[in-house]
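To start, the structure itself, in structure tokens.
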Amino acid sequence: MKAEALKGNDYRMTIKTRFAPSPTGYLHVGGARTALFSWLYARKHGGKFVLRIEDTDLERSTEESINAILEGMTWLGLEYDEGPFYQTHHFDRYNEIIDQLLGEGKAYRCNCSRERLDALREEQMKNKVKPRYDGHCRGKAISPDEPHVIRFLNPPTGTVVFDDMVRGNVAFNNEELDDLIIRRTDGSPTYNLTVVVDDADMGITHVIRGDDHINNTPRQINILRALGKDLPVYAHLPMILGDDGSRLSKRHGAVSVMEYHNQGVLPEALLNYLVRLGWSHGDQEIFSIDEMIELFDIKDVNKAASSFNTEKLLWLNQHYIKEDKPDRIAHLLSPHMGNRGIDPATGPDLVEVARVQQERAKTLVEMAEISEFFYKDYDAFDENAAKKNLRPVAKEPLLKIKEALQALDDWSPERLKQAVDDVAESLDLKMGKVAQPLRVAVSGRAATPGIDETLFLVGKEATLRRIDMALAYIEAREQQ
RNA sequence: GCUCCCUUCGUCUAGUGGUCCAGGACGCUGCCCUCUCAAGGCGGUAACACGGGUUCGAACCCCGUAGGGAGCGCCA
């Protein structure tokens, strides 16, 4: 008996959040952060997280976009416990609710023409008042057989008040609202109705969404009340702006989550970056997923919008690349090598390459670029590097080191380091005078990992061949 | 235009009346380390939007102003 009661109580208390994107584009960073916060809230409280696709706009919704959103969620690891649900599958239910409201006199038919509505709006704007429907069709007997929309009869007076988890107490006057359309002429339901019905049906306890929806909240609350449903708790998250403070758009560079994936950003880096946008926990910057779940509290979310800063994202990305296990980095790096036409199986162990490059790249794309020479001869020397280091004075050190390396049968980093040291000493040169020309010779570039690791991974045969290429380059220069 | 909201270094933020001539992080920058590039270590640069109050005392409370944002669809 007691256990039974407890169980019932627990059920009601189970927290459920949702992410409800409309599939009209890719998953962008703003949506991803909204999803992250919703997900964190559910995870932190042992609740459920549901994914609902709001595809009632048949004109703009696409299959491609649905897949892009699903792909983005998966990549970020924001796994959902229920769904994906599709609103287009719930039309019968929405109609049932709309008919119920109609029957109860809480909604009515309206046959105002678009022309009348447009004229009304224009008139109101001209008179400097907020444009809203004037209730022209309220109480009019309009036949279901003639073309019409259905409007929700919004309470004409009073105030809608709710306690937002991030905004605090929010109040709207019903006078500011109007009788919104809940069913279009073509019979399809509209957003404010479908959201309310689904949230109630799915048992969503906490509606966490972007604050561009805050103005919809009082309308939704009024519909919920008309339906006699419990209200969820609301949390309206601030927007993410571009680095110039304006609304995030394509001209700010990448906004799609998968674009970051393509650029070689690690999901944990993006997540860490996103969680710190509008939220903080003292001075802490680095958060593992588990720490986020443990420490995240929606009450610590800021009210003000924040600007997206790619530099900081890249810093975090480098941090995670550096900290991660070389074999995972190698695994993630492999496709990027493939994009450059390189099959990692044809050269040194990619795990070893990842290990030596880990702290030298901000993205996996960059790491692939600076690692290409381990797998294939460079097409040309980096111009500045060659100009500076492959000069006639470098000839003797290169010849000497070539000789020393040729004689080496233990091609280990230790012996390679020793060989370079020995040559430098024998010529009475600083190590850099030998190592740097050698570096440019074997890699074609000015910067690589330590010379010992570099030579080791490039291998004896390629090293000797490339030293000859460098010597030929120097000689060609001398001819000029 | 109307309604609502927001405002600490360039950026992300800490800060909830005295411990703040404002702390951390990214960026930029100086030095150290060093075979290059990174990474790392130690420094530096830089902010309470403005104007009035309230108070012994204000980044923190109140009021204006300015700037920014969101919404005002048979889009979501």
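Please read these numbers as outputs of a predicted model, since none were measured by experiment. Each chain gets a letter, A, B and so on, in the order the sequences are listed, and its residues count up from 1.
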Per A:Trp315 side chain, nearest of listed nucleotides B:C26, B:C5, B:C74
B:C26

Give A:Asn127 one of three labels, base, sugar-phosphate or nothing, depending on what nucleic acid heavy atoms sit under 4.0 Å from its own.
nothing

Below 4.0 Å: OP1/OP2 of B:G73 and any side-chain N or O of A:Thr190:
no

Looking only at side-chain atoms of A:Lys130, point me to the closest of B:A76, B:C2, B:G27.
B:C2

Sugar-phosphate only, base, or nothing, as touched by A:Pro238 at under 4.0 Å among non-hydrogen atoms
nothing

Ring centers of A:Tyr260, A:His28 separated by less than 6.0 Å
no

Can you name the residues that form a side chain to side chain contact (heavy atoms under 4.5 Å, CB included) with A:Lys395, not counting sequence neighbours?
A:Leu471, A:Ile474, A:Glu475, A:Glu478

When you measure from the side chain of A:Ala447, which nucleotide among B:A76, B:U36, B:C74 comes out closest?
B:U36

Does a side-chain N or O of A:Arg121 approach OP1 or OP2 of B:G73 to a distance below 4.0 Å, or not?
yes

Tell me whether the centres of the aromatic rings in A:Phe296 and A:Phe287 are closer together than 6.0 Å.
no

Within the 6.0 Å centroid threshold, strictly below: A:Phe152 and A:Tyr108:
no

Please enumerate all residues that pass side chain to side chain contact (heavy atoms under 4.5 Å, CB included) together with A:Thr56, with sequence neighbours excluded.
A:Gln87, A:Phe91, A:Thr194

Check the phosphate of B:A70 against A:Asn216, side-chain N and O only, distance under 4.0 Å to OP1 or OP2. Yes or no?
no

Can a side chain N or O of A:Gln318 be found less than 4.0 Å away from OP1 or OP2 on B:A39?
yes

Side-chain donor/acceptor of A:Asp212 to base of B:A76, under 3.5 Å
no

What is the separation between atom CE on A:Met367 and atom P on B:C37, rounded to the nearest whole Å?
19 Å

Using a cut-off of 4.0 Å on non-hydrogen atoms, how would the nucleic acid contact of A:Gly450 be classed: base, sugar-phosphate, or nothing?
base

So A:Gln358, base contact, sugar-phosphate only, or nothing? Heavy-atom distance under 4.0 Å.
nothing

Length of the NZ-P vector between A:Lys312 and B:U13, whole Å
8 Å

Please confirm whether the ring centroid of A:Phe373 lies under 6.0 Å from the ring centroid of A:Tyr378.
no

Nearest to side-chain heavy atoms of A:Glu359, which nucleotide of B:A38, B:A14, B:C74
B:A38

Could you check whether the side chain of A:Thr185 and the base of B:C74 have a donor-acceptor pair of N or O atoms closer than 3.5 Å, going by distance alone?
yes

Are A:Phe19 and A:Phe49 close enough that their ring centers fall under 6.0 Å?
no

Among the candidates B:A14, B:A76, B:U3, find the nucleotide nearest to the side-chain atoms of A:Asn302.
B:A14

At 4.0 Å (heavy atoms only), tell me whether A:Glu285 reaches a base, stays on the sugar-phosphate, or touches nothing.
base

A:Arg360 has a side chain; which of B:G1, B:C12, B:U36 sits nearest to it?
B:U36

B:A76 phosphate, OP1 or OP2: any side-chain N/O from A:Thr24 under 4.0 angstrom?
no

Using purine N1 to pyrimidine N3 plus N6-O4 or O6-N4 for Watson-Crick, or N1-O2 and O6-N3 for G-U wobble, both under 3.5 Å, which nucleotide pairs with B:A49?
B:U65

Counting Watson-Crick and G-U wobble pairs only, both distances under 3.5 Å, name the nucleotide matched with B:G30, or none.
B:C42

Could you tell me which nucleotide pairs with B:A25 by Watson-Crick or G-U wobble geometry, both distances under 3.5 Å, or answer none if nothing does?
B:U11

Please classify the nucleic acid contact of A:Ile451 as base, sugar-phosphate, or nothing, using heavy-atom distances under 4.0 Å.
base

Under 4.0 Å, counting only non-hydrogen atoms across every strand here, what does A:Ala446 touch: a base, just sugar-phosphate, or nothing?
base

Confirm from the modelled atom types if A:Arg439 and B:C35 form a donor-acceptor pair under 3.5 Å, side chain to base only.
yes

Could you tell me how far B:C12 sits from B:A46 if I compare only their C1' atoms? Round to whole Å.
15 Å

Give A:Thr56 one of three labels, base, sugar-phosphate or nothing, depending on what nucleic acid heavy atoms sit under 4.0 Å from its own.
sugar-phosphate

With a 4.0 Å cutoff (strictly under), does any side-chain N or O of A:Ser306 reach OP1 or OP2 of B:U13?
yes

May I ask you to say what A:Thr448 touches in the nucleic acid, namely base, sugar-phosphate or nothing, with a heavy-atom cut-off under 4.0 Å?
base

So, does the side chain of A:Asp283 form a donor-acceptor pair with the base of B:G23 at under 3.5 Å?
yes

Identify the nucleotide, in any strand shown, that forms a Watson-Crick or G-U wobble pair with B:C56, with both distances under 3.5 Å; if there is none, say none.
B:G18

Base partner of B:C74, which must satisfy Watson-Crick or wobble distances under 3.5 Å
none

Counting any heavy atom closer than 4.0 Å, what does A:Arg183 reach on the DNA or RNA strands: base, sugar-phosphate only, or nothing?
nothing

